[in-house]
Q: 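Sending over a structure as structure tokens; questions will come in a sec.
Letters A, B, ... mirror the listed sequences (proteins, then strands); counts begin at 1.
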Protein chains: 2
Amino acid sequence: MNKSSKDTSVSSIQVIDRMMMLLDAIAANDAPASGDTRAGNTGTTFRPPASLKVLSAETGLHPSTAHRILAALSNNKLVERTEAGHYQLGIKLLSLASRVQERVDLRREALPIMDRLRSALGETVNLTVREGDEVVYVERASSHKTIRVEQVIGSRAPLHVTAVGKLFLAHDGHAACQTYAQRTGLIAYTINTLTHTESLWHAARDALQQGYALDNEEAEIGVGCIGVPVWDASGAMVAGLSISAPIQRRRDEWIPHVMEAGVQLSGRLGYHIRERD
Amino acid sequence: MNKSSKDTSVSSIQVIDRMMMLLDAIAANDAPASGDTRAGNTGTTFRPPASLKVLSAETGLHPSTAHRILAALSNNKLVERTEAGHYQLGIKLLSLASRVQERVDLRREALPIMDRLRSALGETVNLTVREGDEVVYVERASSHKTIRVEQVIGSRAPLHVTAVGKLFLAHDGHAACQTYAQRTGLIAYTINTLTHTESLWHAARDALQQGYALDNEEAEIGVGCIGVPVWDASGAMVAGLSISAPIQRRRDEWIPHVMEAGVQLSGRLGYHIRERD
DNA sequence: CCGGGTTATTTCATAATGTGAAAACGATTA
DNA sequence: TAATCGTTTTCACATTATGAAATAACCCGG
């Protein structure tokens, strides 16, 4: 009979849920083989294109059922078959997604999330994008406190003095960070500004690694930030989300909240969690 | 009982086909509205939303059925609901499509199509992309005839002397075409080269209108081309496909073949035929 | 503030639909 | 040639999706 232990939703259509499992399984097994073709593989780590066997095993569907659903998806160009008979995601997804693309607007998606974060923590939340060697403030949810930090929309700041900017630098890699350092001279804004190339790089790299960056009065004395990256569907870092507060009010407990907001916004832009590890 | 539908498929799953109808219907209603003067509104409405009523009418599905399927899709984030209750395509499509994006490579998709075209018509087929004021030859399926036209992969030609180049110019619009003309001076390569701004513009615009462009010995005496545009999922013109032959061998009957190849390749890149109505 | 018309949602009896065990197929490999 | 593995098709069955109708929510004009 049915041994369906993972009953996901109250009222959904079985076939469609199963279809979704299959699409996700295909997407997961579709991992690109770029740059990871080192010798000495153990043999089990590489990702073969998704065969029926694998997909049915991974989804728990009977091969027969999986095959039937995949054939239906194939008819509708939602999946394609390689000549070897393996499955990959289909072209139709591109044309459908292009419609979503047109609609998705960073600021519009960001605003409600920023609002919630501001309400939860009570401090000003900023959305920034990168432009060259600077971050630009493009949206804001202001704190209601009498003493608050507020950036002008449209204003800029160099990458190395902001939390989000350091994430951008880390994303660029070591070489680009060094080039940036040389190009800009890492001008000191406060006594705390990181002005040495390598300490900047290490701070940035560690920040990206842990998923958030701090700004400890590096741009302005008295102001502290927590910044997180925002990714889009293609895996590009398209923006940053940060909370800014008077340094004595800032709390480490906020970090998970800000990170959660970043994850949410990235999700709204089509980012899927398991990008690469 | 009353099944008067078009069952094109040999064996497909009903729900999935219906789901696809709905997704397509949503996509169609998601298109940028042109000439929709149904309601005189100002400001608040950016896009015409798709209501259940409209979708069920458009797909021929009973409202109840459509609603159920849409709810299932909604559970899986393939569609989203606006707060007004209308339906739009969902974020999940973005993350799925990004996987396709990674895989889709212009040249790889083009080669089999170019091969078929070459075999059908016996002349050299070229794939070109734009780079600034020039087209670059990036792929080729050579004719096997002893007398044939052959461009070097990687070589370039100015826009105004090639069939595909004129399509790019037309795509840019009148002003950009004029700028191009001023900037480059429309150097004559042969006696047939279009060296007058306006005649170039008219030729280009008409070509794009009709879906193909000719090159009548405009780059080199004795060589004639038929070129068609290649579009991607976002509606951008990303390349051109052209066939080149000694002018006395070129036939107008080839035009539909080349156009068909262009449509096929565009489809492989995610372009959906019905852009506007 | 109240009808009346419209649209969205839920219900539920029904059979049509998708299911999966098993068998057939087809490609490798021994 | 037989054996093995993965894919595809078949088919009897009941689970599953269906759609008519009833209900709820919503929107306007009076």
Q: Can you tell me the distance, in whole Å, between the CG atom of A/Asp17 and the P atom of D/dT15?
A: 18 Å
Q: Could you list the protein-to-nucleotides 8-13 of chain C atom pairs, N/O on both sides, closer than 3.5 Å?
A:
from  : atom 1 : to      : atom 2 : distance (Å)
C/dA8 : OP1    : B/Leu52 : N      : 3.3
C/dA8 : OP2    : B/Lys53 : N      : 3.0
C/dT9 : OP1    : B/Arg81 : NH1    : 2.9
C/dT9 : OP2    : B/His67 : NE2    : 2.9
C/dT9 : OP2    : B/Arg81 : NH1    : 3.4
C/dT9 : OP2    : B/Arg81 : NH2    : 3.4
C/dT9 : O5'    : B/His67 : NE2    : 3.2

Q: Just the table, please: protein N/O against nucleotides 23-30 of chain C N/O, every pair under 3.5 Å.
A:
none

Q: With sequence neighbours excluded, tell me which residues meet side chain to side chain contact (heavy atoms under 4.5 Å, CB included) with B/Ala236.
A: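 So B/Ala236 forms a side chain to side chain contact (heavy atoms under 4.5 Å, CB included) with B/Asp232, B/Ser234, B/Val238.
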Q: Apply salt bridge (charged side-chain N to carboxylate O under 4.0 Å, His left out) to B/Glu58 and list each qualifying residue two or more places apart in sequence or on a separate chain.
A: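 B/Glu58 satisfies salt bridge (charged side-chain N to carboxylate O under 4.0 Å, His left out) with no residue once adjacent residues are dropped.
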Q: Expressed in whole Å, how much space separates the C1' atoms belonging to D/dC13 and D/dA17?
A: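 So the two C1' atoms sit 16 Å from each other.
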Q: Please enumerate all residues that pass salt bridge (charged side-chain N to carboxylate O under 4.0 Å, His left out) together with A/Asp24, with sequence neighbours excluded.
A: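 A/Asp24 satisfies salt bridge (charged side-chain N to carboxylate O under 4.0 Å, His left out) with B/Lys92 once adjacent residues are dropped.
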Q: Using the salt bridge (charged side-chain N to carboxylate O under 4.0 Å, His left out) criterion, which residues pair with A/Arg251? Sequence neighbours excluded.
A: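 None.
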Q: With respect to the phosphate group of C/dA21, does any side-chain polar atom (N or O) of A/His62 fall under 4.0 Å of OP1 or OP2?
A: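 It does, given that an N or O in the side chain of A/His62 lies less than 4.0 Å from OP1 or OP2 of C/dA21.
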Q: For C/dC12 and C/dA16, measure between their C1' atoms and round to the nearest Å.
A: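 C/dC12 and C/dA16 have their C1' atoms separated by 16 Å.
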Q: Dump every N/O contact between nucleotides 24-28 of chain D and the protein below 3.5 Å, one line per pair.
A:
none

Q: Please name all residues satisfying side chain to side chain donor-acceptor pair (under 3.5 Å) with A/Glu139, sequence neighbours left out, ordered by chain then number.
A: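 Counting only residues at least two positions away or on another chain, A/Glu139 forms no side chain to side chain donor-acceptor pair (under 3.5 Å).
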Q: With a 4.0 Å limit, can you tell me whether B/Gln14 has a side-chain N or O closer than that to the phosphate oxygens OP1/OP2 of D/dT18?
A: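 Looking at the OP1 and OP2 atoms of D/dT18, one of them is under 4.0 Å from a side-chain N or O of B/Gln14.
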Q: What is the distance, rounded to the nearest whole Å, between atom CE of A/Met19 and atom C1' of D/dA17?
A: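 Spelled out: CE on A/Met19 to C1' on D/dA17 is 15 Å.
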Q: Expressed as a whole number of angstroms, how long is the span from A/Ile69:CD1 to D/dT9:C1'?
A: 16 Å
Q: With sequence neighbours excluded, what pairs up with B/Glu150 under the salt bridge (charged side-chain N to carboxylate O under 4.0 Å, His left out) test?
A: B/Arg148
Q: Might you confirm whether atom NZ of A/Lys145 has over 12 heavy atoms from other residues, nucleotides or ligands at distances under 6.0 Å?
A: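 Above 12, so yes.
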Q: Roughly how many Å apart are D/dT9 and D/dC5, using the P atom of each and rounding to a whole number?
A: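 Those two atoms are separated by 22 Å.
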Q: Please report the distance, rounded to the nearest Å, between CD1 in B/Ile16 and P in C/dT17.
A: 14 Å
Q: For A/Leu73 and C/dG18, give me the distance from atom CG to atom P, rounded to whole Å.
A: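 In whole Å, C/dG18 P and A/Leu73 CG are 13 Å from each other.
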Q: Where the side chain of A/Thr59 meets the backbone of A/Leu22, is there a donor-acceptor pair that is under 3.5 Å apart?
A: no
Q: Which atom pair, heavy atoms only, marks the closest approach of A/Gly270 to B/Leu94?
A: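 Minimum heavy-atom separation between A/Gly270 and B/Leu94: CA-CB, 3.9 Å.
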Q: Any side-chain N or O of A/Arg18 less than 4.0 Å from the OP1 or OP2 oxygen of D/dA17?
A: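 No, outside the criterion.
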Q: Return the value, rounded to whole Å, for the distance between atom CG of A/Asn75 and atom P of C/dG18.
A: 13 Å
Q: From CG of A/Leu61 over to C1' of C/dT19, roughly how many Å is that when rounded to an integer?
A: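 Value for this atom pair: 11 Å.
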Q: Distance check: side-chain N/O of B/Thr65 vs OP1/OP2 of D/dT18, anything under 4.0 Å?
A: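 Indeed not, no polar side-chain atom of B/Thr65 lies that close.
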Q: To the nearest Å, how far apart are A/Ile13 CD1 and D/dG19 C1'?
A: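 Rounding to the nearest Å, CD1 of A/Ile13 and C1' of D/dG19 are 13 Å apart.
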Q: Going by the rule ring-ring contact (aromatic ring centres under 6.0 Å, His included), which residues pair with A/His171 if we only count those two or more places apart in sequence or in a different chain?
A: A/Trp231
Q: Side chain to side chain donor-acceptor pair (under 3.5 Å) with B/Arg107: which residues, sequence neighbours excluded?
A: none
Q: Tell me, please, which residues at least two apart from B/Glu109 pass side chain to side chain donor-acceptor pair (under 3.5 Å).
A: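 So B/Glu109 forms a side chain to side chain donor-acceptor pair (under 3.5 Å) with B/Arg268.
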Q: Which whole number of Å gives the distance between the P atom of C/dA27 and that of C/dA23?
A: 22 Å
